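A short write-up of the structure that comes next.
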Amino acid sequence: MLIKPKGTYDLYGLDAKLYEYITACIQDFMEDYHYEFIRTPIFEDRNLYHRSVGDASDMVVKETYDFIDRGGRNITLRPEGTAGVVRALIENKLYGNRNDVLKYYYLGTMYRYERPQAGRYRELTQFGVEVFNSDDVLIDAEVISLGYNLLKELGLENFTVHLNSLGDEKTRENYTAALKKYLKPHLKDLCADCQTRYEKNPLRILDCKVDKDQTIMQNLPNILDYLSAESKSKFNKLKELLTMLDVDYEVDNHLVRGLDYYDYHVWEYISDDDGLALGAGGRYNTLVEKLDGPHLPAIGFGLGLDRIMLALKKILPTSEIPQNVDAYIMCVNEEEKIYGIKLAQDLRLNHVKTEINSNNLSLKSQFKVADSLNSKFLLILNSEDLKKGLINVKDNATKEEMKIDENEIVDFLISNI
RNA sequence: GCGGAGUUGGUGAAGUGGUUAACACGGUAGAUUGUGGCUCUAUUAUGCGUGGGUUCGACUCCCACACUUCGCCCCA
């Protein structure tokens, strides 16, 4: 038997309904915030990710789906959304009017070659927001609260925004140096992973789960002490704004992000139940330049839709989402069926949600199907009545039966559903 | 890439080295000769993740692989 590739999933039934609900909700929500939808390719030139996400990140080094196409091009299936949007911004010169603050959102699948777990797939679905051309802290507050409010709007309650500031490049250099200096004498007490991180990516030692309870870790230098006066005042302003916007946040000076391009404010939406990140983001004021664009400050975040679905399923009532139609057309012989399929089309084109027997079922079975669909009306076709231009209609709530003229059936149903 | 647990019909699942793989839900047909939802009856896995091996005989024991799941790494 053929089976789906590891780490992928099929969406159907209740899960598909949930997905439809989430995407519809997102579209409405983003319209109110006046963000534009942007769609970029699912595969891009491999270099895009090496230059944006960074060669130090495992995501690029060993988790991408890479292939060489028939024309010899080095292609990578996108592992995240930001790089593609930035590339599109630069290539299409969307920044043409330098006064515009550009606000985009995307929704689509990403690909990472990693070990699947619950809510974590090789083909994952992400929603994300990117805003360009404003370094105003008001935008930071808008973007962070947007994600917060969207998660609330979707029905999630138990999550918190974890917030930190990484400052500019200089700040991080200074801080990294201080961190290494502090840790050097304690190196042998850290876990094996952290000893590697010490050389490769020292900042990531901050969110190590193994060593976090050690006293060395409690007394680490605080990155917030290394911020410039300007960064510090921006961070304070941001916190004030978030409080005013009723965003439930907490400062977490151990929060660092795995992707190279982040600077200044970074944050994660963390589920209180399992500590999993539902989404995360940050400012990236230098990425556009690094990818050969103009100097354009930017900020954005991504939400993991798979994890959101998982969290939503836990809190949503487990009862089945009821199927329902307005009318079910019952027919047995050939003449009734042919009449039925035309009637079904007329009703459907008039927005009457209609289903029809199309499977040689006995009349008894058709009643069962109509019940399982919670059909409001049963249209029980029979050849004798059809000859007189009449349709036998049964109101499935009152069980009342009536004969309606075929010329009036559409109007009758429209006014009674 | 590393470690733990699992994989039996459409679904939830029980089970034993030896002829017909329990039970329940769901499906189909009939009792009800074109008006159902209750009840009753019949029927519903030539197969127990895939491929090897041990054995007279394996769904049951052994090995490998695949997939699922939990954790690590990493990340949303």
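All values reported here derive from a predicted model rather than from experimental measurement. A note on names: the letters A, B, ... follow the listed sequences, proteins ahead of strands, and every chain is numbered from 1.
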For every nucleotide of nucleotides 27-33 of chain B, 5' to 3': is a protein heavy atom under 4.0 Å from its base (B), only from its sugar-phosphate (S), or from neither (-)?
--S-B--

Ignoring hydrogens and angles, answer whether the base of rG34(B) and the side-chain atoms of E336(A) contain a donor-acceptor pair closer than 3.5 Å.
yes

Base paired to [N] (Watson-Crick or G-U; both N/O distances under 3.5 angstrom):
N       : value
rC56(B) : rG18(B)
rA29(B) : rU41(B)
rA64(B) : rU50(B)
rC73(B) : none
rA24(B) : rU11(B)

Interatomic distance, [X] atom [atom1] to [Y] atom [atom2] [nearest 0.5 angstrom]:
X       : Y       : atom1 : atom2 : value
T64(A)  : L77(A)  : OG1   : CG    : 9.0 Å
I205(A) : Y182(A) : CD1   : OH    : 11.5 Å
Y121(A) : L305(A) : OH    : CG    : 12.0 Å
L154(A) : L18(A)  : CG    : CG    : 9.0 Å

Which whole number of Å gives the distance between the [atom1] atom of [N] and that of [M]?
N       : M       : atom1 : value
rG26(B) : rG71(B) : P     : 35 Å
rG15(B) : rC59(B) : C1'   : 10 Å
rU39(B) : rG4(B)  : C1'   : 50 Å
rU7(B)  : rA13(B) : C1'   : 13 Å
rC62(B) : rC23(B) : C1'   : 32 Å
rA64(B) : rG6(B)  : P     : 15 Å
rC25(B) : rG34(B) : P     : 29 Å
rU43(B) : rC70(B) : C1'   : 41 Å

Check: L373(A) and V325(A) side chains under 4.5 Å, non-hydrogen atoms:
yes

Rounded to whole Å, please give me the gap between [atom1] in [X] and [atom2] in [N].
X       : N       : atom1 : atom2 : value
E63(A)  : rC72(B) : CD    : C1'   : 13 Å
Q366(A) : rG37(B) : CD    : C1'   : 15 Å
Q117(A) : rG6(B)  : CD    : P     : 18 Å
Y121(A) : rU69(B) : OH    : C1'   : 11 Å
R204(A) : rC73(B) : CZ    : P     : 9 Å
Y198(A) : rC73(B) : OH    : P     : 20 Å
D395(A) : rU35(B) : CG    : C1'   : 15 Å
E114(A) : rG71(B) : CD    : P     : 13 Å

If you restrict it to nitrogen or oxygen atoms, what contacts under 3.5 Å exist between nucleotides 64-68 of chain B and the protein, and what is each distance?
from, atom 1, to, atom 2, distance (Å)
rU68(B), OP1, G7(A), N, 3.0

Assuming nearest nucleotide by heavy-atom distance, tell me which of F367(A) and R120(A) is located more 5' along RNA chain B.
F367(A)

Using heavy atoms to find the nearest nucleotide of RNA chain B for K62(A) and L124(A) separately, return the residue whose nucleotide is more 5′.
K62(A)

Side-chain contact check for A277(A): nearest option of rC72(B), rA76(B), rC74(B) is rA76(B)

Test Y261(A) against every option in T82(A), N285(A), T286(A) by the side chain to side chain contact (heavy atoms under 4.5 Å, CB included) rule and name the one that passes.
T82(A)

L224(A): which of N253(A), T171(A), L166(A) passes side chain to side chain contact (heavy atoms under 4.5 Å, CB included):
N253(A)

Side chains of E355(A) and S375(A): do they bring a donor and an acceptor to under 3.5 Å?
no

If we ignore angles and hydrogens, is there a donor and acceptor under 3.5 Å between the side chains of Q366(A) and Y328(A)?
no

Please report whether the ring centroid of F159(A) lies less than 6.0 Å from that of Y148(A).
yes

With a 6.0 Å cut-off on the ring centroids, do Y35(A) and Y105(A) count as close?
no

Could you check whether [X] pairs with [Y] (Lys NZ or Arg NE/NH1/NH2 to Asp/Glu carboxylate O, under 4.0 Å)?
X       : Y       : value
K103(A) : E36(A)  : no
K234(A) : D140(A) : no
R120(A) : D306(A) : no

Where along residues 25-38 of chain A does a heavy atom fall under 4.0 Å from RNA chain B?
none

Regarding G128(A), tell me which of base, sugar-phosphate or nothing describes its non-hydrogen contacts under 4.0 Å with the strands shown.
nothing

Within the 4.0 Å heavy-atom criterion, would you say E80(A) contacts the bases, only the backbone, or no part of the nucleic acid?
nothing

If the glycosidic angle is within 90 degrees of 0 it's syn, otherwise anti, so just tell me which one rG27(B) is.
anti

